[in-house]
Amino acid sequence: MIGDILTILRDNWLLLLVGQYPNGPLGGFAATLLLSALSIALAFPLSVLIALARLSRNPLLLWPSTVLVYVARGVPLLMLILWVYFMVPLLIGAAVPGFVTMLVTLVLYEGAFLSEVVRGGIVALGRGQMEAARALGQSYPQALLYIILPQALYNVIPSLISQFVSTIKETTLGYVINVPELTFAANQINNQLLTKPFQVFFLLAIIYYAVCWTLTFLAVRLERRIARRRAGPAAAPAPLTVRQLTAEP
Amino acid sequence: MTSDAEMIPDVKIAETSNAGTAMIRFENVTKYYGAYKALDDVTAEVGRGEVVVVCGPSGSGKSTLIRTVNRLEEIASGTLTFDGESVHGPLKAAALNRLRSRIGFVFQSFNLFPHLSALDNVILSPIKVNGAKREVAKARAMALLDRVGLSAKAGAYPAQLSGGQQQRVAIARALAMEPPAMLFDEPTSALDPEMVGEVLAVMRSLAADGMTMMCVTHEMGFAREVADRIWFMDAGRILETAPPDAFFSNPQHPRAKKFLSDLRH
């Protein structure tokens with residue numbers, strides 16, 4: 001079994017790594033990473049803007065952002081992908097590459113979900129911080145930039161990471177619109193071998209797990225670093241574990 | 001702590017251009033929360049250099065009143081001027097920010113910025129709002145932290161400070177904007193009893209320097225000793241204004257009499 005997996009890896013590592021590139025589009029692991037990184041990099045700033053729009057009293061900001069969040073929450077991602085895949089070329093009258101379709105859909109979908117995480121973080125701070133900043137003469141954007149967002153975003157790092165990891169896993173759905181990413185490459189291999197689906201897809205699972213674990217690991221390190229910098233070395237206790245919180249006295 | 005605060009040189013109290021007028025002036029100010037009348041036709045003024053203590057039972061509108069001065073609360077009708085400028089008029093956002101930057105405000109719950117050190121709490125707004133040079137803001141912040149007895153805690157984060165220390169940093173933070181007046185909204189109500197004194201000492205020394213102050217507080221000892229005038233509020237109205245001696249020894253309004261006798265028990 002492990003021998004099979006190593007053989008599959010040895011025979012197909014280039015396909016798994018970059019797909020048909022340079023003879024075809026970039027695919028495989030590289031495409032998955034690129035799609036994930038771009039999705040997260042674009043969805044996160046978008047989510048902050050959506051969250052702020054959702055907290056705004058201006059109906060021109062409030063309504064579109066609220067509709068986006070409700071649609072994204074209420075429709076399965078796969079359906080959204082198919083909609084964008086079939087509708088957008090009709091609307092703009094030009095073919096759209098699968099990679100772009102997938103990227104746009106993921107950015108909107110994840111932007112909507114992340115925005116609720118960010119909004120929760122802002123609301124949880126309470127009014128006092130904003131009031132203190134404004135009472136000192138700071139403008140609303142200044143208060144957001146220097147006071148509210150640094151605290152709100154730090155506090156929601158765990159939820160942000162879950163959502164980022166979800167984004168990586170959702171790139172697999174690109175498979176249904178023929179985006180040649182990692183799952184697509186694995187499926188190609190499976191179709192050639194025919195007899196070893198378990199080994200192929202087990203290998204695929206390991207690769208995804210490694211990527212998601214790496215992101216989580218980096219995020220935890222970042223979180224600790226910020227905590228240390230903010231509290232000073234003397235008073236930066238490790239976050240309490242569940243065991244500590246629930247221990248009998 | 002008290003001796004520390006007194007040894008430090010005076011705070012600079014900003015010169016203002018409208019010297020003839022009251023510092024804070026309420027004229028027929030009314031405010032509702034839904035159908036509830038939180039402020040009922042309030043007319044009063046705080047003179048330059050005057051220390052006014054606002055007292056009254058909880059729910060009487062004291063905090064609401066003080067929060068209208070820098071427009072943390074909107075009013076329904078009436079006019080409110082600070083240093084001759086209308087606070088609740090049709091102000092542009094930038095003008096309101098400028099006005100607010102000149103009104104020191106100290107909260108009951110301190111509201112220090114927990115992600116910034118004490119020093120950074122104090123220098124942030126002078127740098128970002130007033131465009132002060134970092135070194136200048138820092139030197140001034142250190143002098144202010146020294147004044148409130150906390151220069152040794154400049155690098156500490158709010159979570160590492162006691163409540164009394166946090167509130168003193170909050171006062172230094174407000175003073176850093178060089179406001180011509182300071183508002184205190186129950187500054188000692190969230191403190192453990194043994195920490196009340198250190199905060200009151202700072203406020204006392206500010207009053208001695210001639211700072212215009214409006215304080216909502218339940219510290220009647222402080223009111224008696226430091227206030228020039230007491231405003232007694234109930235049900236959104238100012239029922240009595242009097243110098244502290246007269247107010248405490250011979251309150252005029254029946255509601256004030258009852259309030260003071262309840263306090264003694």
Side-chain angles (χ1 to χ4, degrees), chain A residues 48 52-53 55-58 60-61 118 120-158 160 219 222-240, chain B residues 66-67 69-73 92-118 120-131 153-161 166 169-170 172-179 182-183 185 190:
Chain A
V48 174
L52 295 178
L55 290 166
S56 163
R57 266 176 261 160
N58 181 344
L60 290 178
L61 296 172
V118 173
I122 293 174
V123 171
L125 284 183
R127 288 165 54 197
Q129 291 289 309
M130 178 59 94
E131 284 184 350
R134 301 305 302 275
L136 287 160
Q138 294 183 25
S139 66
Y140 182 72
Q142 283 178 325
L144 283 176
L145 194 60
Y146 303 126
I147 307 303
I148 303 300
L149 289 178
Q151 295 182 63
L153 295 181
Y154 171 72
N155 291 342
V156 297
I157 285 178
L160 289 179
L222 173 73
E223 197 180 347
R224 289 218 186 109
R225 226 180 78 186
I226 296 174
R228 259 204 308 274
R229 206 184 55 205
R230 284 190 180 173
L240 285 177
Chain B
I66 203 169
R67 286 165 59 89
V69 177
N70 67 351
R71 207 165 161 176
L72 288 178
E73 300 285 350
K92 289 223 168 66
L96 179 59
N97 294 338
R98 206 158 38 241
L99 189 55
R100 278 175 168 156
S101 75
R102 301 180 53 237
I103 307 175
F105 198 99
V106 177
F107 296 85
Q108 177 178 351
S109 49
F110 330 136
N111 292 345
L112 286 186
F113 306 132
H115 61 304
L116 300 177
S117 68
D120 286 339
N121 264 276
V122 179
I123 64 175
L124 178 70
S125 299
I127 292 173
K128 301 298 183 187
V129 177
N130 291 348
K153 296 284 188 183
Y157 282 76
Q160 297 165 315
L161 300 174
Q166 289 189 53
V169 172
R173 179 176 72 173
L175 289 173
M177 299 301 284
E178 304 188 18
M182 290 281 289
L183 311 180
D185 184 9

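Proteins come first, then strands; the chains are lettered A, B, ... in the order of their sequence lines, and each starts at number 1.
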Asker: So which heavy atom on B:N111 is nearest to which on A:G128, and how close?
Answerer: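 So the two residues come closest at ND2-O, 3.2 Å.
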Asker: Any residues in residues 146-156 of chain A near chain B, with a heavy-atom distance under 4.5 Å, and which are they?
Answerer: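 Those residues of residues 146-156 of chain A which have a heavy atom under 4.5 Å from chain B are A:Y146, A:I147, A:P150, A:Q151.
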Asker: Decide yes or no for B:L72 and B:F107: does some side-chain heavy atom of the first lie under 4.5 Å from some side-chain heavy atom of the second?
Answerer: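 B:L72 reaches B:F107 side chain to side chain.
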Asker: Can you tell me if B:N70 uses its side chain to pair, donor with acceptor, with the backbone of B:R100 under 3.5 Å?
Answerer: no
Asker: What part of B:F113 is in contact with chain A, defined as an atom under 4.5 angstrom from a non-hydrogen atom: side chain, backbone, both or neither?
Answerer: both
Asker: Taking side chain as everything from C-beta outward and backbone as N, CA, C, O, which of these in B:L96 sits under 4.5 Å from a heavy atom of chain A? Side chain, backbone, both or neither.
Answerer: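 Contact with chain A involves no heavy atom of B:L96 at all.
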Asker: Highest number of heavy-atom pairs under 4.5 Å with chain A: which of B:A176, B:P114, B:G104?
Answerer: B:P114
Asker: If you take all heavy atoms of B:R67 and B:D185, which pair is closest and at what distance?
Answerer: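 Minimum heavy-atom contact is CD-OD2, 4.0 Å.
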Asker: I'd like to know which of A:A135, A:A133, A:G126 tops the heavy-atom pair count under 4.5 Å against chain B.
Answerer: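 Of the candidates given, the most pairs with chain B belong to A:A135.
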Asker: So what's closer than 4.5 Å to chain A heavy atoms on B:R71: side chain, backbone, both or neither?
Answerer: neither
Asker: Does some side-chain heavy atom of A:V123 sit less than 4.5 Å from a side-chain heavy atom of A:L55?
Answerer: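 Heavy-atom side-chain distance check passes, below 4.5 Å.
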Asker: For A:S139 versus A:R134, what's the shortest heavy-atom pair and its separation?
Answerer: C-NE, 3.8 Å
Asker: Determine, stepwise, if the pair B:L124 / A:L136 fulfils side chain to side chain contact (heavy atoms under 4.5 Å, CB included).
Answerer: CA-CA 10 Å; B:L124 178 70; A:L136 287 160; over 6 Å; no
Asker: Closest approach of B:F110 and B:Q166, non-hydrogen atoms and distance?
Answerer: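 Taking every non-hydrogen atom into account, CD1-OE1, 3.5 Å.
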Asker: Answer with side chain, backbone, both or neither: which region of A:Q129 has an atom nearer than 4.5 Å to a non-hydrogen atom of chain B?
Answerer: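 Contact with chain B is through both the backbone and side chain of A:Q129.
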Asker: What closest approach, in Å, do A:M130 and A:A143 show between heavy atoms, and which atom pair accounts for it?
Answerer: SD-CB, 3.5 Å
